[in-house]
4 protein chains.
Amino acid sequence: MNLSPRERILQAADEVFGRVGFDAASTRDIAEAAGVNKALIHYHFKTKDGLLTAVLEGYYGRLTDTLRGVLLRPSGSLRERMRDLVGAYLDFLHANLSFVRIVQREAGGGRHVDLVAERTLPLLALGRALLRERYPTTHGGAMAAEQLLVSFYGMLVAGFTFGPTLARLLESDPTSDAALDQRKRHVAHLVDLIFDVLDRGDGDDAEAAR
Amino acid sequence: MNLSPRERILQAADEVFGRVGFDAASTRDIAEAAGVNKALIHYHFKTKDGLLTAVLEGYYGRLTDTLRGVLLRPSGSLRERMRDLVGAYLDFLHANLSFVRIVQREAGGGRHVDLVAERTLPLLALGRALLRERYPTTHGGAMAAEQLLVSFYGMLVAGFTFGPTLARLLESDPTSDAALDQRKRHVAHLVDLIFDVLDRGDGDDAEAAR
Amino acid sequence: MNLSPRERILQAADEVFGRVGFDAASTRDIAEAAGVNKALIHYHFKTKDGLLTAVLEGYYGRLTDTLRGVLLRPSGSLRERMRDLVGAYLDFLHANLSFVRIVQREAGGGRHVDLVAERTLPLLALGRALLRERYPTTHGGAMAAEQLLVSFYGMLVAGFTFGPTLARLLESDPTSDAALDQRKRHVAHLVDLIFDVLDRGDGDDAEAAR
Amino acid sequence: MNLSPRERILQAADEVFGRVGFDAASTRDIAEAAGVNKALIHYHFKTKDGLLTAVLEGYYGRLTDTLRGVLLRPSGSLRERMRDLVGAYLDFLHANLSFVRIVQREAGGGRHVDLVAERTLPLLALGRALLRERYPTTHGGAMAAEQLLVSFYGMLVAGFTFGPTLARLLESDPTSDAALDQRKRHVAHLVDLIFDVLDRGDGDDAEAAR
DNA sequence: TATGAATGAGAGTTCATTCAT
DNA sequence: CATGAATGAACTCTCATTCAT
């Protein structure tokens with residue numbers, strides 16, 4: 001629908017960054033994919049880093065809006081909100097595969113860690129606060145809020161970051177809508193299991209007693 | 001100590017690839033880190049790709065040995081073997097941080113997906129076979145073997161791949177031994193939860209009935 | 001003067017290729033001779049091969065125009081046209097020494113044979129057609145059109161391709177105007193001799209009878 | 001027949017130099033073709049230039065023996081000796097295609113001109129001396145001895161140096177025995193023509209009078 | 001806004017050569 | 001005699017970036 005050159009560059013960068021990674025992507029590739037001159041990228045985004053920042057800022061803006069809306073919804077139990085959040089997160093990743101792939105590459109180290117960390121931290125901090133408030137037992141120990149968040153994050157993201165490899169094991173395409181549905185039900189199930197435990201209130205001590 | 005130049009190159013490549021990623025790593029960086037001439041890399045490994053392959057082959061060889069040993073141990077219930085496997089995997093990743101970071105970057109797409117996929121598939125296939133044999137209900141549905149494997153994988157890996165970002169949220173260093181211990185207990189707990197469900201035998205139907 | 005950078009690159013490449021040969025020529029040499037940045041060569045010509053192609057295309061364009069003009073001139077006997085062609089060819093080579101030297105190196109094998117062959121063939125085919133039409137006896141045998149063309153070509157080119165060596169035998173510089181004049185008269189003489197034979201009509205049979 | 005490594009290197013170098021040219025040939029290629037270690041080349045021939053020298057010295061030794069034998073044969077007219085020489089030369093080139101291709105590339109300039117020139121000059125000087133002695137009119141003018149030698153050389157060599165290109169025009173393979181025979185008869189014919197002229201004694205003056 | 005031309009820096013790779021064994 | 005290992009220099013080519021227009 002006749003996007004502006006600036007928008008076309010952003011879309012092209014998103015696609016190329018997601019496909020081959022930031023470092024393997026060249027501004028020439030992106031300019032060609034966008035149908036614009038290489039120099040125009042620098043006119044709009046100053047540097048290649050600036051282009052990555054712009055792409056990620058766009059994603060984080062939309063993601064944060066989505067998740068904050070779910071997490072901070074006043075009504076509903078925390079469990080329900082977590083279930084919704086898991087669903088919303090999976091939907092978002094499913095609809096923005098490049099985003100997962102870019103983040104997965106940059107979150108593990110390298111020059112852009114901060115870019116990712118700064119935008120991720122508020123969400124993690126919010127999640128941790130909610131968990132600790134509702135379930136005081138999630139301070140320290142085996143079911144510590146931090147551990148839960150890491151596990152949730154891992155479950156949510158694994159299906160996508162590992163997609164190309166899983167596609168070879170599974171008979172079906174892991175990026176299909178059917179696969180998304182199954183994954184959502186699975187993760188929701190696990191979330192329920194975990195909240196069952198939290199509600200039962202057995203934290204570390206119970207665990208240690210096993 | 002007093003490693004051969006070839007070995008020094010492998011170690012340097014491992015460190016640099018893990019820190020900045022394959023594409024951002026230059027052969028000059030690696031050669032300098034190894035204290036050898038740039039050309040020696042090509043003498044021993046032909047290309048930069050060949051160097052990555054050699055690094056990963058080393059890791060996969062050791063990892064496969066470790067995990068196969070645990071998984072195929074004749075005695076012990078599947079639950080116990082899974083618990084051990086989770087522990088062994090976390091130990092391995094903890095001791096080989098570069099490996100996680102390299103794999104996380106290359107598993108999501110790009111020119112080296114196959115390198116990762118080919119070595120990962122056998123392990124996944126083995127895990128799936130064991131789960132399906134012992135728990136026939138893990139065919140299809142919300143608790144399908146594939147879903148479980150993906151979730152397990154996500155939980156195991158997330159703490160490391162997300163490490164640099166988590167380090168900013170957590171008060172403690174996520175790569176410390178203490179953090180590893182806590183993470184191991186947490187994941188073991190989750191594994192237990194899941195096997196409890198599997199042993200109770202409620203698969204999709206029970207889930208759907210909720 | 002005040003040539004464009006692109007043109008300066010072409011001239012520098014011509015000079016360097018002619019002097020040391022394509023393989024011994026480095027893009028750095030050429031860039032320096034042209035007074036431009038090394039990368040500009042690739043900006044304009046994509047690869048070093050592309051640069052050679054561009055140089056040769058320029059030559060072949062001008063040469064073909066020149067020779068076609070002479071060969072296809074409607075008036076004048078074939079003998080006269082051949083004499084003119086020989087003169088025009090020698091003039092062209094004399095004015096474009098690099099061209100002979102480049103072609104001589106690439107025509108004998110290696111990666112660029114096709115580049116030379118494709119542009120030379122039409123001229124050879126034209127010459128053969130004219131000879132066969134006018135002198136049917138030049139089909140097959142000792143004075144076959146192909147043999148004549150090869151001999152003509154050898155005579156024309158030898159003085160230049162062999163130049164540096166001949167310079168040591170001859171007292172005078174073989175690239176001087178005087179040398180060119182003498183060579184032109186000599187070759188014209190030989191051409192006359194040959195056409196005398198052709199006009200007398202004794203082809204193979206006469207020859208065989210000797 | 002179980003050649004010595006030194007001999008195998010020489011043969012391999014000959015083949016590779018002839019095929020791709022000295023500059024495009026790498027010692028690795030040659031070593032592989034010879035089935036020996038790269039370093040052995042330097043052990044036997046000191047440098048890559050030394051290897052080329054050795055290859056060419058071998059050729060020039062055999063060629064000089066062959067041609068001197070024919071040229072200096074006491075009996076027989078000069079014409080007959082020239083005819084024999086032409087035949088012997090063509091035979092030699094036919095049997096040593098690499099030689100022509102190497103010489104053609106190096107005779108036109110570059111770092112090895114001297115190597116070629118020094119070995120070629122004696123032959124040229126001898127030919128010139130014989131011509132001048134027998135035909136005093138070949139001093140200066142259109143039929144000067146030097147011109148004749150250049151033309152002879154061009155005719156002799158053209159079929160081979162131009163081979164790969166001619167192969168596309170001619171229906172038959174220019175390196176076949178049949179093609180060699182035809183070429184020999186053709187060149188012999190031309191030589192006869194020229195000696196007819198010389199014997200008739202009309203040099204420049206006759207020519208100029210036409 | 002948008003571009004073609006131009007550049008310095010550096011990429012991966014190959015080179016002929018050396019040397020200890 | 002022969003080799004595997006090692007190196008400094010140079011290679012072609014690509015990079016992100018700049019600038020005049």
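Residue numbers start from 1 in every chain, and the chains themselves are labelled A, B, ... in the order their sequence lines are given, proteins ahead of strands.
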Closest to the [X] side chain, choosing from [options]:
X      : options                   : result
N37(B) : dT7(F), dC19(F), dT14(F)  : dT7(F)
L40(B) : dT12(F), dA5(E), dA6(F)   : dA6(F)
R28(A) : dT14(F), dT3(E), dA6(F)   : dT14(F)
A39(A) : dC19(F), dA10(F), dT17(E) : dC19(F)

How would you list all residue pairs meeting side chain to side chain donor-acceptor pair (under 3.5 Å) that involve residues 15-25 of chain C, not counting sequence neighbours?
E15(C)-R19(C)

Would you kindly compare V36(C) and D49(B) by the position of their nearest DNA chain E nucleotide and give the one closer to the 5′ end?
V36(C)

Give a yes/no on whether any side-chain N or O of [X] is located under 4.0 angstrom from OP1 or OP2 of [N].
X      : N       : answer
H42(D) : dT17(E) : yes
H44(A) : dA2(E)  : yes
Y43(C) : dA5(E)  : yes
S26(A) : dT14(F) : no

Pick base, sugar-phosphate or nothing for A31(C), based on heavy-atom distances below 4.0 Å to the nucleic acid.
nothing

Could you tell me whether A25(A) contacts a base, only the sugar-phosphate backbone, or nothing, with contacts defined as non-hydrogen atoms closer than 4.0 Å?
sugar-phosphate

Might you work through the side-chain contact (heavy atoms from CB on, under 4.5 Å) test for D49(C) and L115(C), ending with a clear yes or no?
CA-CA 10 Å; D49(C) 276 25; L115(C) 191 54; over 6 Å; no

Side-chain donor/acceptor of K38(A) to base of dT17(F), under 3.5 Å:
yes

Will you find, in the side chains of Y59(D) and D14(D), an N or O donor that is under 3.5 Å from an N or O acceptor?
yes

Paired runs of 3 or more consecutive Watson-Crick or G-U pairs involving DNA chain F, with both pairing distances under 3.5 Å, are E:2-21 with F:2-21

